[in-house]
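Values in this document were obtained by computation on a predicted structure and should not be read as measured data.
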There are 2 protein chains.
Amino acid sequence: MSMTKRYPTVCPIVFSLDIFGDKWSLLILRDLIILNKRHFGDFLRSKERIASNILTDRLERFIQAGLVTKTDDPKNKSAAIYSPTSKALELIPVMFSIMHWGLKYNPDTDMSIPVMQELKADEKRLKERLLSQFSDAS
Amino acid sequence: MSMTKRYPTVCPIVFSLDIFGDKWSLLILRDLIILNKRHFGDFLRSKERIASNILTDRLERFIQAGLVTKTDDPKNKSAAIYSPTSKALELIPVMFSIMHWGLKYNPDTDMSIPVMQELKADEKRLKERLLSQFSDAS
DNA sequence: CCGCATCCCTATAGATACTG
DNA sequence: CAGTATCTATAGGGATGCGG
């Protein structure tokens, strides 16, 4: 999508899509929140093979939008840690609803992925598990 | 976004975003499902001012993906009616979750819009009302 | 006039190669 | 590891066309 914003808008859908309504944003949020990735290289190596300049752009946009914080990795001098904020975690229902729809209509969905099993079995429990990963974060 | 598909994918999010993960698709679905629009010109005249070539493209993609059907308007010889299928209606939870998030963070949301009131007051009732609009459709 | 599609052109999303 | 630089494909804005 063109990443140009349509602000200000009275429509909450337009507002939301201007932040994450493109081909890559929700996949980065998936990696951040569901797959618990934290480093630039982790996102780069996702199956979908996001380009590094796009990744840089989206992470910066997320920081500006208050969805992500960037901190130094204490374990690695030259490494940054990208973490989701509560504003990003509140997109879990969006991701879950999209996953439910995709699960239903994508014949290639890999149901052997543990998260898929959890989503079908007990969505609320999965949500709690995901959120608990961040309760100890700053 | 680039509208090139990443099929086949084992991820339900990737699958879904390849269908509606761009700047315009969910807005057209909003118009179809929530605002009950049916004609090409109605979509064109939405506040967001979608270009006619983009609209043509997305409607065709939706038809191919089984989200929309195109029929003749009995009341107007040279007019088509675009209607959502059940596969599209099952995206109501996706739209609602996005609206909830947008409502929370968009200071410019127009809460005087009746649908916004309904969403906050009783989401299930709103969903039932929307679905009832289509129960008499083919 | 209206409804829907197509054309043209430019801005930019994004793939690939390269760098501190 | 975490970006930049370069280049190309294309998304999409605006005008045009065409039948009713």
Expressed in angstrom and rounded to an integer, what is the separation of [X] atom [atom1] from [N] atom [atom2]?
X: B/Asp57; N: D/dG13; atom1: CG; atom2: C1'; result: 14 Å
X: B/Glu48; N: D/dG13; atom1: CD; atom2: P; result: 11 Å
X: A/Phe40; N: D/dA2; atom1: CZ; atom2: P; result: 8 Å
X: B/Ile28; N: C/dC4; atom1: CD1; atom2: C1'; result: 14 Å
X: A/Arg49; N: C/dA15; atom1: CZ; atom2: P; result: 11 Å
X: B/Leu55; N: D/dG13; atom1: CG; atom2: C1'; result: 14 Å
X: B/Lys23; N: D/dT10; atom1: NZ; atom2: P; result: 19 Å
X: A/Ile54; N: D/dA5; atom1: CD1; atom2: P; result: 15 Å

Aromatic rings B/Phe40 and B/Tyr82: how do their planes relate, parallel, tilted or perpendicular, breaks at 30° and 60°?
tilted
Parallel, tilted or perpendicular, judged at 30° and 60°: which one describes the rings of A/Trp101 and B/Phe20?
perpendicular
For a quick check, tell me whether the side chain of B/Asn53 and the base of D/dG13 share a donor-acceptor pair closer than 3.5 Å.
yes
Donor-acceptor pair present, A/Thr56 side chain and D/dT4 base, under 3.5 Å
no
As a test of reading the structure: which of [options] is closest to the side chain of [X], going by heavy atoms?
X: B/Arg58; options: D/dG12, D/dA2, C/dC4; result: D/dG12
X: A/Ser52; options: C/dT16, D/dG12, C/dA13; result: C/dT16
X: A/Trp24; options: C/dA15, D/dG13, C/dC4; result: C/dA15

Any B/Lys70 side-chain N or O less than 4.0 Å from OP1/OP2 of C/dA5:
yes
B/Leu29 vs B/Leu26 side-chain heavy atoms within contact, under 4.5 Å
yes
Tell me what [X] touches on the nucleic acid: a base, only sugar-phosphate, or nothing, going by heavy atoms under 4.0 Å.
X: B/Tyr82; answer: sugar-phosphate
X: B/Ala51; answer: base
X: A/Ala80; answer: sugar-phosphate
X: A/Lys77; answer: nothing

Decide whether a cation-pi geometry holds between B/Lys87 and A/Tyr105; the criteria are a distance under 6.0 Å from NZ or CZ to the six-membered ring centre and an angle within 45° of the ring axis.
yes
With distance as the sole test, does B/Thr109 use its side chain to make a donor-acceptor pair with the main-chain N or O of B/Asn106 at under 3.5 Å?
yes
